[in-house]
Amino acid sequence: MVNLEFPDEDSVRQYVLCTAKKIGIFDANTGFYPERIAQQFRLDLEEDEVMKLATDCADKNEQNSPVDVWAYRGHQCLMSGKIGDRVRNYIRQKSQEQ
């Protein structure tokens with residue numbers, strides 16, 4: 001967790017699901033809300049750019065995966081690109097300030 005690495009394990013998938021639901025960016029029936037992700041995770045990106053990145057990662061669970069697998073898949077997609085880079089940089093900066 002400290003390195004923002006999330007292995008594909010049941011407890012990690014459940015954590016990702018719980019967190020995403022708690023902050024209001026994921027619903028167990030409809031999946032990720034790209035517009036909410038764009039509002040919450042802009043950091044130093046334009047909201048429209050984050051919206052596109054989030055939309056690209058949001059699927060409709062055509063695979064019929066369990067909800068934790070679905071949430072984890074979207075999370076991994078988000079964290080593997082610009083959004084993840086910005087989140088990691090933000091957390092590094094905040095930890096250095098302490």
Side-chain angles (χ1 to χ4, degrees):
M1 298 303 263
V2 174
N3 296 321
L4 293 176
E5 294 175 8
F6 298 86
D8 188 2
E9 299 171 0
D10 183 60
S11 61
V12 174
R13 290 190 308 271
Q14 293 299 323
Y15 174 81
V16 167
L17 172 63
C18 180
T19 303
K21 287 170 58 178
K22 187 85 166 170
I23 63 174
I25 62 170
F26 185 85
D27 176 80
N29 295 312
T30 58
F32 278 101
Y33 296 112
E35 65 282 352
R36 292 182 185 173
I37 294 169
Q39 292 167 354
Q40 293 185 34
F41 293 96
R42 277 196 332 230
L43 302 171
D44 63 346
L45 298 170
E46 294 293 322
E47 190 171 327
D48 290 345
E49 183 178 7
V50 178
M51 179 72 163
K52 176 168 180 357
L53 295 168
T55 299
D56 289 348
C57 287
D59 66 56
K60 296 297 178 196
N61 198 19
E62 293 85 1
Q63 304 88 332
N64 292 317
S65 304
V67 70
D68 64 315
V69 173
W70 184 18
Y72 179 81
R73 181 172 57 243
H75 175 268
Q76 289 300 96
C77 179
L78 290 168
M79 292 302 288
S80 69
K82 278 186 175 182
I83 295 171
D85 292 343
R86 298 312 196 278
V87 169
R88 283 186 285 280
N89 287 336
Y90 176 80
I91 290 174
R92 271 191 224 109
Q93 288 174 352
K94 289 297 178 187
S95 68
Q96 290 173 355
E97 291 173 7
Q98 295 178 353

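All figures in this text were calculated on a predicted structure; none of them were measured in a lab.
Of all heavy-atom pairs between V50 and A38, the closest is CG1-CA, 3.4 Å. Nearest heavy-atom pair across L17 and A71 is CD1-CB, 3.9 Å. Summarising the geometry of F32 relative to A58, their closest heavy-atom pair is CB-CB, 4.1 Å, with the distance given to 0.1 Å. Nearest approach of L78 to L53, heavy atoms of both residues: CD2-O, 4.4 Å.
Y15 and V69 fall into different hydrophobic clusters, defined by Ile, Leu, Val, Met, Phe, Trp and Tyr side-chain heavy atoms under 4.5 Å apart, directly or through other members. Cluster membership check: Y33 does not share its hydrophobic cluster with Y72, using side-chain heavy-atom separations under 4.5 Å among Ile, Leu, Val, Met, Phe, Trp and Tyr.
Taken from SG in C18 to CZ in R13, the straight-line distance is 15.0 Å, to the nearest 0.5 Å. Atoms OG1 and CD1, on T55 and I37 in that order, are 8.0 Å from each other to the nearest 0.5 Å. Atom CZ of R73 and atom SG of C57 lie 11.0 Å apart (nearest 0.5 Å). Separating the CD1 atom in I23 from the CD atom in Q40 is a distance of 5.0 Å, to the nearest 0.5 Å. The line from CD of E47 to CD of E35 is 10.0 Å long, rounded to the nearest 0.5 Å.
Ring pair H75/F6 is perpendicular by interplanar angle, where above 60° counts as perpendicular and below 30° as parallel.
For E49 and K52, the salt-bridge test fails: no basic side-chain N is under 4.0 Å from an acidic carboxylate O. Ion pairing between a basic and an acidic side chain is recognised when a charged N comes within 4.0 Å of a carboxylate O; K82 and D85 show no such pairing.
Residues D59 and W70 have side chains that bring a donor and an acceptor to within less than 3.5 angstrom of each other. When only modelled atom types and interatomic distance are considered, N89 and R86 share no side-chain donor-acceptor pair under 3.5 Å.
At least one donor-acceptor pair under 3.5 Å links the side chain of R88 to the backbone N or O of M79. Proximity of a side-chain donor or acceptor of Y90 to a complementary backbone N or O of L43 within less than 3.5 Å is not detected.
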* Going through the checks in order, is the side chain to side chain contact (heavy atoms under 4.5 Å, CB included) test met by D27 and K21? -> CA-CA 6 Å; D27 176 80; K21 287 170 58 178; over 6 Å; no
* To do: Go through the steps to decide whether E46 and M51 satisfy the test side chain to side chain contact (heavy atoms under 4.5 Å, CB included), and finish with yes or no.
  => CA-CA 9 Å; E46 294 293 322; M51 179 72 163; over 6 Å; no
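The side-chain heavy atoms of T19 and F26, taken from C-beta on, include no pair separated by under 4.5 Å.
The 12-atom threshold is exceeded at CD of Q63, counting heavy atoms of other residues, nucleotides or ligands nearer than 6.0 Å.
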